[in-house]
Amino acid sequence: MNVNNPYAQGGWFNPDNQNSINNGPWSPTSPPTPSIFGALPFSSTPKPETILQFVFTFESTILDSTVVGPRNRTYFYIVNDQPREGNTLFQDAEGRNFAVIDWQQHPVVELRDLLDRQAVSSWMPLSSDRTQRAMTARGRWYCWVPQGNTIFLYTATHASTPPTACGKLTRTDRVVTLELTASAIQVGLLEFCVVAAVLLQSGRRID
């Protein structure tokens with residue numbers, strides 16, 4: 001297994017071995033309950049909706065990157081080893097700090113006024129079958145699910161309701177692209193997803 005692969009380190013999908021993903025059901029040891037997540041129907045087609053794109057550009061690592069969004073406007077800066085060595089700092093376009101990752105043995109994350117300081121493994125728990133990651137944001141649960149070389153973001157729903165795709169994360173050479181629906185932006189997911197994207201594409205262990 002490629003130790004530099006962020007998916008492999010997280011214990012899930014390995015782009016070097018596309019048969020590595022299991023398609024078992026979600027059964028986390030922490031909320032939400034198994035009735036919330038199940039096998040996600042990738043074939044379901046969401047209703048057409050405006051998609052907004054945010055591009056992370058960097059020289060060597062996403063931990064030092066600039067995020068450019070619609071109308072070529074700079075939205076965020078990600079700066080490594082700030083405010084101290086071993087941290088990754090997130091700033092808005094005006095240079096205001098809004099989030100930080102502390103790369104301890106078990107990484108810790110905090111989003112100012114949005115997410116209390118806690119272990120990444122608590123905020124984005126890996127499913128017991130190691131195929132999906134949950135994420136809490138503004139009182140709701142979401143789910144990151146790899147498929148091929150893309151990681152899709154779904155809303156968490158009860159088993160009787162098909163989940164809705166609200167974003168996706170892709171990567172090419174020195175460029176990571178986050179796409180979110182207008183609805184996801186309106187409910188305030190952008191900052192959460194920017195931090196999640198950095199964690200998922202960092203190449204580091206996050207549990």
Side-chain angles (χ1 to χ4, degrees), residues 1-26 28 32 36-46 49 51-58 61-63 65 67 69 76 78 88 90 99 101 107 109 120-121 123-137 140-157 162-181 183-185 187 189-207:
M1 184 176 289
N2 181 356
V3 296
N4 293 319
N5 185 307
Y7 307 136
Q9 289 185 6
W12 58 1
F13 174 70
N14 179 357
D16 296 327
N17 176 12
Q18 295 194 17
N19 295 320
S20 64
I21 186 169
N22 298 317
N23 290 315
W26 178 281
I36 298 295
F37 288 106
L40 294 176
F42 293 117
S43 60
S44 62
T45 303
E49 188 174 357
I51 304 297
L52 302 176
Q53 190 175 84
F54 300 87
V55 179
F56 298 71
T57 57
F58 47 90
T61 172
I62 197 172
L63 303 181
S65 59
V67 183
F76 305 109
I78 294 104
T88 298
F90 294 75
I101 300 169
V109 64
V120 172
S121 59
W123 178 47
M124 296 177 63
L126 183 65
S127 63
S128 60
D129 63 3
R130 310 180 78 82
T131 63
Q132 311 168 32
R133 280 191 184 274
M135 180 184 78
T136 54
R140 295 192 61 184
W141 284 94
Y142 298 85
C143 186
W144 293 98
V145 183
Q147 182 188 22
N149 289 319
T150 301
I151 306 176
F152 291 91
L153 178 65
Y154 291 88
T155 57
T157 58
T164 301
C166 56
K168 68 178 183 179
L169 191 60
T170 56
R171 180 169 187 154
T172 58
D173 185 33
R174 290 186 291 185
V175 175
V176 170
T177 302
L178 171 67
E179 295 182 29
L180 292 172
T181 62
S183 296
I185 300 292
V187 299
L189 288 188
L190 180 56
E191 288 82 0
F192 291 95
C193 290
V194 166
V195 175
V198 170
L199 286 163
L200 294 172
Q201 297 290 340
S202 66
R204 300 188 179 188
R205 297 187 183 277
I206 62 175
D207 290 309

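On a predicted model such as this, the values are computed, not experimentally measured, just so you know. Just the heavy atoms: all of them, side chains too, but no hydrogens, waters or symmetry mates, feed the values below.
Here CD of E191 is found 11.5 Å from CZ of F90. Values are rounded to the nearest 0.5 Å. Atom OG1 of residue T61 and atom CD of residue Q201 lie 10.5 Å apart, to the nearest 0.5 angstrom. Atom CZ of R171 is separated from atom OG1 of T150 by 13.5 Å, given to the nearest 0.5 angstrom. Note: M135 CE to M124 CE = 6.5 Å, rounded to the nearest 0.5 Å. Remark: S127 OG to W144 CH2 distance equals 15.5 Å, nearest 0.5 Å. Atoms CD and NZ, from Q53 and K168 in turn, are 9.0 Å apart once rounded to the nearest 0.5 Å.
Side-chain contact check for F54 versus V194: every heavy-atom pair is 4.5 Å or farther apart. With a 4.5 Å cut-off on side-chain heavy atoms, L180 and L153 count as touching. A heavy-atom distance below 4.5 Å is found between the side chains of I101 and L199. Residues S183 and E49 are in side-chain contact: their nearest non-hydrogen atoms beyond the backbone lie under 4.5 Å apart.
Smallest separation of non-hydrogen atoms from L200 and R133: CD2-CD, 4.0 Å. Closest approach of T181 to A165, counting heavy atoms only: CG2-O, 4.1 Å. W123 and F192 get closest at one heavy-atom pair: CH2-O, 3.6 Å. Considering all non-hydrogen atoms of both residues, P163 and T155 come closest at CB-O, 3.5 Å. In terms of heavy atoms, A156 sits closest to R140 at O-NH2, 4.4 Å. Across all their heavy atoms, Y154 and C166 have their closest contact at C-SG, 4.3 Å.
Residues forming a salt bridge (Lys or Arg N to Asp or Glu O under 4.0 Å) with R174 (at least two apart in sequence, or on another chain): E59. Checked against side chain to side chain donor-acceptor pair (under 3.5 Å), T57 has no partners two or more places apart in sequence or in another chain.
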Inset, instruction - Dump the intermediate steps for side-chain contact (heavy atoms from CB on, under 4.5 Å) on V198 and L63, then the final yes or no. - result: CA-CA 7 Å; V198 170; L63 303 181; 3.6 Å; yes
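Test V175, I62, T177 against F56 for side-chain contact (heavy atoms from CB on, under 4.5 Å) and you get one pass: I62.
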